[in-house]
Colleague: 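Right, I'll just put the structure down here and ask away after.
What you are looking at is a predicted structure, and each value in this text was computed from that prediction instead of being measured. All ligand and atom numbering here is 1-based and tracks the order in the structure.
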Amino acid sequence: MRLLVTGALGMLGHDVMRAGERAGHELVPVDLPELDITDADGVGALLERLKGEPGGLDGIVNCAAWTDVDGAESKQEAAHAVNAVGAGVLASEAANAGVPLLHISTDYVFDGVAPLDADGNPRSYLESDPTRPRSVYGSTKLEGEQLVLAASRAHTVVRTAWLYGVHGNNFVATMLRLAGERDSVQVVTDQVGSPTWSGHLAPAVLGLLERGVAGLVHMTGGGQVSWNGFTQEIYRQAEIDCRVDPTTSDQFVRPAPRPAWSALESERDDVIPLPPWQDGLAGYLAARDGMMRS
Ligand SMILES: NC(=O)c1ccc[n+]([C@@H]2O[C@H](COP(=O)([O-])OP(=O)(O)OC[C@H]3O[C@@H](n4cnc5c(N)ncnc54)[C@H](OP(=O)(O)O)[C@@H]3O)[C@@H](O)[C@H]2O)c1
């Protein structure tokens, strides 16, 4: 397939490029300042040009977003421009060009209150669960989702969560750095989610495009854990001796509220689940090791 990747210089964008190359796709990477996804004329002209070239254009993977969750609270217009308007521009221009768009979204579209199963136990959020964002970032991402899904039945929105990869600042990298600076860290026990390695997510989202899976899809590392439990597993797998003390979210107040419950799961039978989050962590640590050695 010949695929346009927007936001190709970001954390997920890098891994989508690598996964696409490995899968034998022809990829066209773009990012700021070459292409601003809020610029409808620029997006339209690019799609027209690519469609006219040999190989045409078979799909778009949008990894571009405003991802500064706390910054969005004070820069609402800027976050809205990228996450809502930009997603809508890409979606409508792609629909006009007859090209499917795969767009990435987030667990922040939910309110973080765990839904309960028939026995009263917390269960993962499914695609059919109602949304209720509690932050500007979450609201703008939800509006983006709605614009994408309304523009074409061929478009796909993939909600993921707790994403980390070797090409971006992320929680795992921060915890590894802190372990080199101190004997113990304090990490919250009252936020639970599904850590997702971008090295697992990237080939899986390309797989959705390859198989023509459209609509709303949940895709995260399998299982769930608190940030505290995740940190303990990071140090265990990396063979690092650093104590992980428990704390709670009220000790770490930030501009945007974090969802207390972020576990996502797909209820669709055409979606292949990602490996368990522990395997994602092992993959990340191996990839990070390889990068540091080269
Ligand atoms: N990271 C997470 O924990 C997480 C969790 C759930 C979902 N997600 C979603 O996953 C996707 C990928 O996230 P990521 O962590 O890979 O993000 P990222 O590293 O911040 O990459 C986003 C890329 O988009 C670019 N960009 C920003 N505004 C743009 C615009 N107007 N036009 C074109 N490109 C623009 C950024 O460029 P600059 O760097 O120059 O701004 C950057 O290269 C996003 O949709 C995000 O909402 C992330």
Colleague: So, for R268 and L216, which heavy atoms are closest and what is the spacing to 0.1 Å?
Modeller: NH1-O, 3.0 Å
Colleague: Give me the nearest non-hydrogen protein atom to atom 31 (N) of ligand 1 as residue plus atom name, then the distance to 0.1 Å.
Modeller: D36 OD1, 2.9 Å
Colleague: Which ligand 1 atoms are under 4.0 Å away from a heavy-atom of L12?
Modeller: 12 (C), 16 (O)
Colleague: Taking only non-hydrogen atoms of G86, do any sit less than 4.0 angstrom from ligand 1?
Modeller: no
Colleague: Any protein heavy atom under 4.0 Å from atom 37 (O) of ligand 1?
Modeller: yes
Colleague: Look at atom 15 (O) of ligand 1 and say which protein heavy atom is nearest, naming residue and atom and giving the distance to 0.1 Å.
Modeller: M11 CE, 3.5 Å
Colleague: Can you figure out which of T160, T196, T67, L163 has its heavy atom closest to atom 3 (O) of ligand 1?
Modeller: L163
Colleague: For ligand 1, which part of Y137 has a heavy atom less than 4.0 Å away: the side chain, the backbone, both, or neither?
Modeller: side chain
Colleague: Might you work through the side-chain contact (heavy atoms from CB on, under 4.5 Å) test for V89 and I37, ending with a clear yes or no?
Modeller: CA-CA 7 Å; V89 163; I37 60 165; 6.0 Å; no
Colleague: Do you know which two heavy atoms are closest between E127 and S266, and how far apart they sit?
Modeller: OE2-OG, 2.6 Å
Colleague: Which residue in the set Y284, W277, F171 passes ring pair (Phe, Tyr, Trp, His ring centres under 6.0 Å) when paired with Y164?
Modeller: Y284
Colleague: Specify the protein heavy atom at minimum distance from atom 45 (O) of ligand 1: its residue, its atom name, and the distance to 0.1 Å.
Modeller: K141 NZ, 2.7 Å
Colleague: If you measure from atom 27 (C) of ligand 1 to every heavy atom of G7, G168, A65, which option wins on shortest distance?
Modeller: A65
Colleague: Heavy-atom contacts under 4.0 Å between I104 and ligand 1: side chain, backbone, both, or neither?
Modeller: both
Colleague: How close do S262 and D107 get, heavy atom to heavy atom, and via which atoms?
Modeller: OG-OD2, 2.6 Å
Colleague: What do we get for S105 next to ligand 1 when only non-hydrogen atoms under 4.0 Å count, side chain, backbone, both or neither?
Modeller: backbone
Colleague: Minimum heavy-atom separation for S92 to A151, with atom names?
Modeller: N-CB, 4.1 Å
Colleague: Would D190 and S249 count as having a side-chain donor-acceptor pair, cut-off 3.5 Å?
Modeller: yes
Colleague: Rounded to the nearest 0.5 Å, how far does OG of S184 lie from CG of D245?
Modeller: 5.0 Å
Colleague: Can you name the nearest heavy-atom pair linking L274 to T220, along with the distance?
Modeller: CB-O, 3.4 Å
Colleague: Could you work out, for atom 25 (C) of ligand 1, the closest of D31, V16, T6 by heavy-atom distance?
Modeller: D31
Colleague: Among protein heavy atoms, which lies nearest atom 33 (C) of ligand 1, and at what distance?
Modeller: L35 O, 3.2 Å
Colleague: Ignoring angles and geometry beyond distance, decide whether L9 reaches within less than 3.5 Å of ligand 1 through its nitrogen or oxygen atoms.
Modeller: no
Colleague: For atom 32 (N) of ligand 1, what's the nearest protein heavy atom and its distance?
Modeller: I37 N, 3.0 Å
Colleague: Which one holds for A64 and ligand 1: side chain close, backbone close, both close, or neither close, with close meaning a heavy atom under 4.0 Å?
Modeller: both
Colleague: What is the ring orientation for W227 with W162, classed by angle as parallel under 30°, tilted 30 to 60°, or perpendicular over 60°?
Modeller: parallel
Colleague: What is the nearest protein non-hydrogen atom to atom 40 (O) of ligand 1, stated with its residue, atom name and distance?
Modeller: L32 CD1, 4.1 Å
Colleague: Select one of side chain, backbone, both or neither to describe which atoms of R159 lie under 4.0 Å from any atom of ligand 1, heavy atoms only.
Modeller: neither
Colleague: Look at the aromatic rings of F110 and Y125 and report parallel, tilted or perpendicular, splitting at 30° and 60°.
Modeller: parallel
Colleague: Is there a donor-acceptor contact under 3.5 Å linking the side chains of T38 and D36?
Modeller: yes
Colleague: Any atoms of ligand 1 less than 4.0 Å from a non-hydrogen atom of G10? List them with their elements.
Modeller: 19 (O), 21 (O), 43 (O)
Colleague: Students should be able to answer this: which protein heavy-atom is nearest to atom 22 (C) of ligand 1, and at what distance?
Modeller: C63 O, 3.6 Å
